[in-house]
There are 2 protein chains.
Amino acid sequence: MNDKRMQEMLANLDVENPSEVCPIKDVLAAMLDKWTMMIVLVLGKHKVLRFADVKRSVVGISPKMLTKSLRTLERDGHVLRTVYPEVPIRVEYNLTDQGYIFLKKLVDLADWIVPHVPTIVKNREEFIK
Amino acid sequence: MNDKRMQEMLANLDVENPSEVCPIKDVLAAMLDKWTMMIVLVLGKHKVLRFADVKRSVVGISPKMLTKSLRTLERDGHVLRTVYPEVPIRVEYNLTDQGYIFLKKLVDLADWIVPHVPTIVKNREEFIK
DNA sequence: TTAGCAAGTATACAAAAGGATAGTGTTGTT
DNA sequence: AACAACACTATCCTTTTGTATACTTGCTAA
């Protein structure tokens, strides 16, 4: 991506729009939430998971936040929720194609930051302010 | 990025690590915060901005949150803060090379999500749960 | 008939994030 | 002497986020 293309995208995003409701920002913010991100990563790793599995994988999450985040992901089309009316009930979650692309972007970002992390952590320790 | 590479990255990220302190997650979370993201975008657009300029561009941010986010960005090496001891004092902010790569990843994510936003917003309206 | 499971809901509370706004320090201008 | 400019701090208060945990529902097995 060259600088001109970047400036086009930034104009498109309308970053300085004073409007309260900006769908792009909303959609992005919903995706980049802490818990949401972790859920997408574990679903990317395991392909299909039940509610309790996700809960186990996303260490420290409460059922309330898990439900909330999964619902948002489902609502925005990143995750597919499938209910099997067995007894006891079984519910499976997996990424949609759209969710899978989102995962790739996330992993791409992580891939780039990982080698920088030790330096950043070191800088943080020295940065007293 | 193929699936095998993805799985390697996910293993590397150690997404299911129960440890409270995971530097990778910390660094990512700090980057993907709502205000932080907006600041990176406006700095990408204008190259160099003073405190009051950033405040004007990031609509709705309070000085407290602006300072906090700028400090985090500086601490993590995404932003350079330059003080000119004039009177009145002048402080300039701009992205570092590292911050510029971060911006590219962010814009890349946005670039992909923008065409999906209308559908997502429509789905949200229909999704009553 | 009582127990038990899965997948949540509901409730109460605690912690963190964030908003509004006043104050600080320095020095040139009126 | 009062004021203004700038880049913040500090304080108070509200909102949001999150935790912990008890409860629900529907059916099945002991």
Side-chain angles (χ1 to χ4, degrees), chain A residues 18-22 25-26 28-39 42-43 46 48-76 79-94 127-129, chain B residues 18-22 25-26 28-39 42-43 46 48-76 79-94 127-129:
Chain A
S19 161
E20 279 306 297
V21 280
C22 172
K25 290 181 209 166
D26 284 359
L28 269 184
M31 293 164 64
L32 299 176
D33 165 83
K34 168 194 173 190
W35 292 124
T36 305
M37 241 168 52
M38 292 311 298
I39 294 170
V42 301
L43 284 178
H46 296 283
V48 180
L49 288 176
R50 300 173 64 172
F51 186 88
D53 299 327
V54 183
K55 193 166 180 321
R56 248 187 304 280
S57 287
V58 180
V59 180
I61 196 168
S62 64
K64 178 176 151 188
M65 290 315 292
L66 181 53
T67 302
K68 189 183 166 191
S69 307
L70 283 171
R71 288 289 184 283
T72 305
L73 282 167
E74 188 195 357
R75 186 196 62 183
D76 287 1
V79 158
L80 182 66
R81 177 174 182 269
T82 316
V83 179
Y84 299 91
E86 306 169 353
V87 171
I89 193 172
R90 182 160 58 101
V91 181
E92 290 187 350
Y93 294 92
N94 62 277
F127 192 89
I128 313 149
K129 238 196 258 188
Chain B
S19 160
E20 280 305 298
V21 280
C22 171
K25 291 182 210 166
D26 284 358
L28 269 184
M31 294 165 65
L32 299 175
D33 164 81
K34 169 193 172 189
W35 291 125
T36 305
M37 238 168 53
M38 293 309 300
I39 293 169
V42 302
L43 284 179
H46 297 283
V48 178
L49 288 176
R50 299 174 64 172
F51 187 87
D53 299 327
V54 183
K55 193 166 182 322
R56 248 186 304 280
S57 287
V58 179
V59 180
I61 197 169
S62 64
K64 177 176 149 186
M65 291 314 294
L66 180 52
T67 302
K68 189 183 165 190
S69 307
L70 283 171
R71 288 288 185 283
T72 304
L73 281 168
E74 188 195 357
R75 186 196 61 183
D76 288 0
V79 158
L80 182 68
R81 178 174 181 269
T82 314
V83 181
Y84 298 90
E86 308 168 351
V87 171
I89 194 173
R90 182 161 57 103
V91 180
E92 290 187 348
Y93 295 91
N94 63 276
F127 192 88
I128 315 149
K129 237 197 264 191

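What you see below is based on every heavy atom in this structure, not just the backbone, and it leaves out hydrogens, waters and symmetry mates. Order of the sequence lines sets the chain letters (A, B, ...), proteins ahead of strands, with each chain counted from 1.
Using a 4.0 Å heavy-atom cutoff across all strands shown, A:Tyr84 reaches no nucleic acid atom at all.
When the side-chain nitrogen and oxygen atoms of B:Arg81 are compared with OP1 and OP2 of D:dC8, one or more of them lie within a distance under 4.0 Å. Between A:Tyr93 and C:dA6 there is no side-chain polar atom (N or O) within less than 4.0 angstrom of OP1 or OP2. In this structure, A:Arg50 does not reach the C:dA6 phosphate: none of its side-chain N or O atoms is under 4.0 Å from OP1 or OP2. For B:Arg90, no side-chain nitrogen or oxygen approaches OP1 or OP2 of D:dC8 to under 4.0 Å.
As rounded to whole Å, 12 Å separates atom P of C:dG8 from atom CD of A:Glu92. Whole-Å rounding puts the B:Leu49 CG to D:dC6 C1' distance at 15 Å. A:Lys55 has its NZ atom 14 Å from the C1' atom of C:dT9, to the nearest Å. When rounded to the nearest whole Å, the span between CZ of B:Arg56 and C1' of D:dC6 equals 11 Å. B:Ile39 has its CD1 atom 13 Å from the C1' atom of C:dG18, to the nearest Å. If you measure from atom CG of B:Leu66 to atom C1' of C:dA20, you get 15 Å, rounded to the nearest angstrom.
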Intermediate values then yes/no, side-chain contact (heavy atoms from CB on, under 4.5 Å), A:Met37 and B:Lys25: CA-CA 10 Å; A:Met37 241 168 52; B:Lys25 291 182 210 166; over 6 Å; no
Intermediate values then yes/no, side-chain contact (heavy atoms from CB on, under 4.5 Å), A:Leu43 and A:Val79: CA-CA 9 Å; A:Leu43 284 178; A:Val79 158; 3.7 Å; yes
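The heavy-atom pair separating B:Tyr93 from B:Arg50 by the smallest distance is CD1-C, 4.4 Å. The two residues B:Arg81 and B:Val83 come nearest to each other via the heavy atoms NH1-CG2, 3.6 Å.
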Sugar-phosphate or base contact per nucleotide [nucleotides 13-30 of chain D; S, B, -; heavy atom under 4.0 Å]: ----SBB-B-----BS--
Give every donor-acceptor pair under 3.5 Å between a side-chain atom in residues 54-66 of chain B and any protein atom, sequence neighbours left out.
| residue | atom | partner | partner atom | Å |
| --- | --- | --- | --- | --- |
| B:Lys55 | NZ | B:Ile61 | O | 3.4 |
| B:Arg56 | NH2 | B:Asp53 | OD1 | 2.9 |
| B:Ser57 | OG | A:Glu16 | OE2 | 2.6 |
| B:Ser57 | OG | B:Asp53 | O | 3.4 |
| B:Ser62 | OG | B:Met65 | N | 3.4 |

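Taking 4.5 Å as the limit, some side-chain heavy atom of A:Thr67 sits within range of a side-chain heavy atom of A:Phe51.
Between A:Phe127 atom CZ and B:Glu74 atom CD the span is 4.0 Å, to the nearest 0.5 Å.
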